[in-house]
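For reference, positions follow the sequence shown, starting with 1. Both ligands and their constituent atoms are indexed starting at 1 by order of listing.
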Amino acid sequence: MLVHIKELFPENGKNVIGKFAYPAFNTMNLETTLGIISAAEEMNTPVILETSEGAIKYAGLETLYEIMATLAVKAKVPIALHMDHGKNAEQLKRGIELGYSSVMIDHSGLSFEENVRDTKAMVEFAHNEGAWVQGEIGRMRGSEDWVSVSDEEALLTDPSEAKRFFEATGVDTLASSVGTIHGIIKMSGKVQAHVDIERIQKIREAVPNVPLVLHGASGVPDDVIEKAIQAGIAIINIDTELRIGFTHELRVFLASHPDEVDPRKYLNPAIEGVKQVAMKKLKSFKTQNLIKS
Ligand code: G3H
Ligand code: 13P
Ligand code: ZN
């Protein structure tokens, strides 16, 4: 069933914070969406489906929304839809009007004042329409849509700044920079990601009532995820590992079936690849069997 993201966080997220984290899985097409929803149904748990600006550029906002919403309505588990890393406020507004229940305005690359100004404006618009807003404070390493953040520029989130940002904007969920890196770069081992658990704890103490979001979580080991959840992370974003699952299974299939030209034949293993990764993550995030019968 398609649900508003707020239904996953009753009582200011007290049902979640410190206990488990909802996955926010990035999708860009029908097949990835099918794999994620199939995993959620098998694990009997809600999930968040999210789309980046890159995914929207690839598939189209309306098309992607309709794929997700149609499959979510039919799903046996609650599915919430979120727009990830939005730099373009007008596109976020169109998404809200279409039916996304949550959007992320990511102006973390701007000054604190500009980030507050733009995030606050989005909160005003979204709340008026009944939608939630995620803001980001601090800058992460890796490549985000349209912004490249080098190691030198990277700024981990200052907990007191997170508090000022939260109080000034009224965001519903908060992304911060706590050491993880976006994208495939850290999977190669060339750059080491770390998760600053103490910093998460301090941010949580500074803003106790807002669900904290961990971005760039592909490749973070399960024991670190467990500590991050205990420290207060309530949503964990995963994109790269799903792409790896999809691509690996596709490659394996095509290597053993070099003459196959029917996409339905070779995309089924890719869907299964996404599903297996998503199920692993749901276990790691302690999210299985959340739905009681
Ligand atoms: O963190 C964001 C997502 O992984 C977006 O990736 O810009 O390649 O769509 P993308
Ligand atoms: P990864 O690609 O590292 O999983 O990061 C995903 C993310 O943060 C999406 O917003
Ligand atoms: Zn991200």
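A donor-acceptor contact shorter than 3.5 Å links the side chain of Ser177 to the backbone of Arg139.
Of all N/O/S atoms in His182, NE2 sits nearest the Zn ion (ligand 3).
Considering only non-hydrogen protein atoms, atom 4 (O) of ligand 2 sits nearest to Ser218 OG, 2.5 Å. Nearest non-hydrogen protein atom to atom 2 (O) of ligand 2 is Thr240 OG1, 2.5 Å. Looking only at heavy atoms of the protein, atom 3 (O) of ligand 2 is closest to Lys186 NZ, 2.4 Å. Here the protein heavy atom with the shortest distance to atom 10 (O) of ligand 2 is Asp84 OD2, 2.6 Å.
Set against the non-hydrogen atoms of Glu50, the atoms of ligand 2 under 4.0 Å away are 9 (C), 10 (O). Contact atoms of ligand 1 toward Asp239: 3 (C), 4 (O), 5 (C), 6 (O) (distance under 4.0 Å to a heavy atom of the residue). Every atom of ligand 2 is numbered from 1 in the order shown, and the set under 4.0 Å from a heavy atom of Ile238 is 4 (O). Against a heavy-atom cut-off of under 4.0 Å, Ser52 is close to the following atoms of ligand 1: 5 (C), 9 (O), 10 (P). Listed by number with element, the atoms of ligand 2 under 4.0 angstrom from any heavy atom of Gly183 are 2 (O), 3 (O). In the vicinity of Asp84, heavy-atom distances shorter than 4.0 Å reach the ligand 1 atoms 2 (C). Short contacts between ligand 2 and His85, defined as distances under 4.0 Å to a heavy atom of the residue, involve ligand atoms 10 (O). Close approach of ligand 2 to His215 is summarised as follows: ligand atoms under 4.0 Å from at least one heavy atom of the residue are 8 (O), 10 (O).
Nearest-residue assignment for atom 7 (C) of ligand 2 (options Leu242, Asn237, Asp106; heavy-atom criterion): Asn237. Nearest-residue assignment for atom 8 (O) of ligand 1 (options His85, Arg243, His182; heavy-atom criterion): Arg243.
Aromatic pair Tyr100/Tyr65: centroids less than 6.0 angstrom apart.
No part of Ile184 comes within 4.0 Å of ligand 2, judged by heavy-atom distances. With a 4.0 Å heavy-atom cut-off, ligand 2 is reached by no atom of Ala24.
More than 12 heavy atoms of other residues, nucleotides or ligands lie within 6.0 Å of CZ in Phe112, so this atom counts as buried by the packing criterion. Summarising the local packing, CD of Glu198 is surrounded by 12 or fewer heavy atoms from other residues, nucleotides or ligands at distances under 6.0 Å. Around atom NZ of Lys265, no more than 12 heavy atoms belonging to other residues, nucleotides or ligands sit under 6.0 Å away.
Between His215 and ligand 1, no pair of N/O atoms sits closer than 3.5 Å. Where the criterion is an N or O separation shorter than 3.5 Å, residue side chain and backbone included, Gly216 meets it with respect to ligand 2.
Ligand 2 lies out of reach of Glu241, whose nearest heavy atom is not under 4.0 Å from it. Ligand 2 does not have Met140 within reach: every non-hydrogen atom of the residue lies 4.0 Å or more from it.
Side-chain contact between Glu241 and Lys280: present, with at least one pair of heavy atoms (C-beta onward) separated by less than 4.5 Å. The shortest side-chain heavy-atom distance between Asn26 and Thr51 does not fall under the 4.5 Å cut-off.
The closest side-chain donor-acceptor pair between His127 and Asp172 falls under 3.5 angstrom.
Between Lys87 and Glu53, none of the side-chain N atoms (NZ, or NE/NH1/NH2) sits under 4.0 Å from a carboxylate O, so this pair counts as no salt bridge. Using a 4.0 Å cut-off between charged nitrogen and carboxylate oxygen, Lys93 and Glu129 do not count as a salt-bridge pair.
To the nearest 0.5 Å, atoms CD1 (Ile17) and CD1 (Ile233) are separated by 10.0 Å.
By the criterion of side-chain heavy atoms lying less than 4.5 angstrom apart, applied directly or through intervening Ile, Leu, Val, Met, Phe, Trp or Tyr residues, Leu8 is not grouped with Leu81; the two fall into different hydrophobic clusters.
No option in His85, His82, His215, His182 other than His215 meets the side-chain hydrogen bond (donor to acceptor under 3.5 Å, both in side chains) test with Asn237.
His85 contributes NE2 and His215 contributes ND1; the angle these two atoms make at the Zn ion (ligand 3) is 90°, rounded to 10°.
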